[in-house]
Amino acid sequence: MMLLRAQPLTAVAATFRRTCTVQQIHISRRLYSERPPENKRGELDITTYTPERIRNFSIIAHIDHGKSTLADRLLELTGVITKTGKNKQVLDKLKVERDRGITVKAQSASMFYEHNGDKYLINLIDTPGHVDFSYEVSRSLAACQGTILLVDAAQGVQAQTVANFYLAFGEGLGIIPMLNKVDLPTAEPERAVLQIESAFEIDAADILHISAKTGLGIEQ
């Protein structure tokens, strides 16, 4: 996946390819909010999406860095779920996941959108964040063309941040660095950016600053 800086999220399918470069996506407001084609029984017909119109990506992060919350915002942004205050950890189904804020059982979700007149299907492949599930993370990444590397602006780079980055790097995925929770009083974005630059050799200009909870920066 080749992810060009300042490029819209809707161009993900057109630009995903295997690469070890680290770039970023600029999320556009021109997202495909209409329903995709339906078959004669009124069911969604994904057979209209050929392989070149389908892409998979994931979000990797340390525990409690906001991965599930970011997934909520992306699903809202693409019109998969409505924007309500009740959307919290939509992909976390188990009680322990909601109670402890961790992802144990990986889920997946599909998003439909349109870019330059072409309609695409992009699949979010969930990944567990706990160290005990590194194999499951590797299997999810093996099915993807790219991934979002999410780092908490208050906590900085932590163990699973490093482990998951190198799993993605080893798969040759395009990596989109994002700094989350920048709106918190305890956030230290400058320190976190330096950590990302030092640990992964990522240019600070390529790191998106967002707040998955409030939606800050999601549409920039």
Side-chain angles (χ1 to χ4, degrees), residues 1-9 11-28 55-71 73-74 103 122 124-184 186-212 216-218 220:
M1 175 180 71
M2 186 175 183
L3 300 173
L4 301 178
R5 187 180 172 194
Q7 189 174 22
L9 176 62
V12 173
T15 57
F16 267 155
R17 69 171 181 159
R18 299 261 175 196
T19 178
C20 293
T21 59
V22 180
Q23 299 172 33
Q24 74 180 38
I25 285 179
H26 174 74
I27 298 176
S28 171
R55 293 296 184 272
N56 301 331
F57 80 103
S58 63
I59 305 172
I60 53 177
H62 191 83
I63 295 174
D64 201 33
H65 278 211
K67 178 171 62 65
S68 295
T69 305
L70 177 58
R73 299 293 83 75
L74 292 177
T103 299
I122 182 168
L124 169 58
I125 310 298
D126 201 9
T127 58
H130 196 278
V131 64
D132 292 340
F133 297 97
S134 60
Y135 175 76
E136 286 75 8
V137 172
S138 69
R139 293 300 83 206
S140 292
L141 293 177
C144 296
Q145 289 83 37
T147 187
I148 295 174
L149 177 69
L150 195 65
V151 178
D152 188 319
Q155 301 295 328
V157 173
Q158 293 185 277
Q160 286 308 107
T161 312
V162 177
N164 290 338
F165 171 86
Y166 283 106
L167 285 175
F169 188 84
E171 288 288 339
L173 305 186
I175 301 173
I176 308 162
M178 288 190 179
L179 195 60
N180 191 26
K181 305 183 183 181
V182 297
D183 58 326
L184 293 181
T186 56
E188 298 181 79
E190 295 83 3
R191 179 179 64 88
V193 165
L194 289 175
Q195 290 180 345
I196 295 172
E197 286 183 306
S198 175
F200 310 127
E201 298 183 355
I202 296 175
D203 193 321
D206 291 327
I207 303 173
L208 289 171
H209 291 61
I210 69 166
S211 170
L216 175 68
I218 297 297
Q220 64 181 342

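Note that OG1 of T161 is 9.0 Å distant from CD of Q195, once rounded to the nearest 0.5 Å. Between the CG atom in L208 and the CG atom in L149 there is a gap of 11.5 Å [rounded to 0.5 Å]. Taking OG from S58 and CG from L124, the interatomic distance works out to 7.5 Å, rounded to the nearest 0.5 Å. A distance of 7.5 Å separates CE in M178 from CG in L150, rounded to the nearest 0.5 Å. Atoms CG and CZ, on D206 and F200 in that order, are 14.5 Å from each other to the nearest 0.5 Å. Atom CG of L167 sits about 8.5 Å away from atom CD of Q160, to the nearest 0.5 Å.
Considering all non-hydrogen atoms of both residues, G66 and A212 come closest at O-CB, 4.2 Å. Summarising the geometry of V182 relative to A187, their closest heavy-atom pair is O-CB, 3.8 Å, with the distance given to 0.1 Å. The two residues S211 and I218 make their nearest non-hydrogen contact at O-CG1, 4.4 Å.
Within the 3.5 Å criterion, the main-chain N or O of V137 finds no donor-acceptor partner in the side chain of T127.
In this structure, the side chains of L74 and I59 come closer than 4.5 Å at one or more pairs of heavy atoms. Taking 4.5 Å as the limit, every side-chain heavy atom of I148 sits out of range of all side-chain heavy atoms of K67.
Side-chain polar atoms of H65 and Q158 form a donor-acceptor pair below 3.5 angstrom.
With sequence neighbours excluded, the residues that form a side-chain contact (heavy atoms from CB on, under 4.5 Å) with T186 are A154, L184. With sequence neighbours excluded, the residues that form a side-chain contact (heavy atoms from CB on, under 4.5 Å) with A168 are I60, L141, T147, L173, I175. In this structure, the side-chain contact (heavy atoms from CB on, under 4.5 Å) partners of E197, at least two apart in sequence or on a different chain, are V193, L194, A204.
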Query raised in the report: What's the verdict on side-chain contact (heavy atoms from CB on, under 4.5 Å) for F57 and I176, showing C-alpha distance, side-chain angles and the deciding distance?
Result: CA-CA 10 Å; F57 80 103; I176 308 162; over 6 Å; no

Requested in this report: Give the C-alpha distance, both sets of side-chain angles, the deciding distance and a yes or no for side-chain contact (heavy atoms from CB on, under 4.5 Å) between I210 and L70.
Outcome: CA-CA 9 Å; I210 69 166; L70 177 58; 3.9 Å; yes

**Report entry** Check against side-chain contact (heavy atoms from CB on, under 4.5 Å), Q145 and N56
**Finding:** CA-CA 6 Å; Q145 289 83 37; N56 301 331; 3.9 Å; yes

Query raised in the report: Under the side-chain contact (heavy atoms from CB on, under 4.5 Å) criterion, do N180 and D152 qualify, and how do the steps go?
Result: CA-CA 5 Å; N180 191 26; D152 188 319; 5.7 Å; no

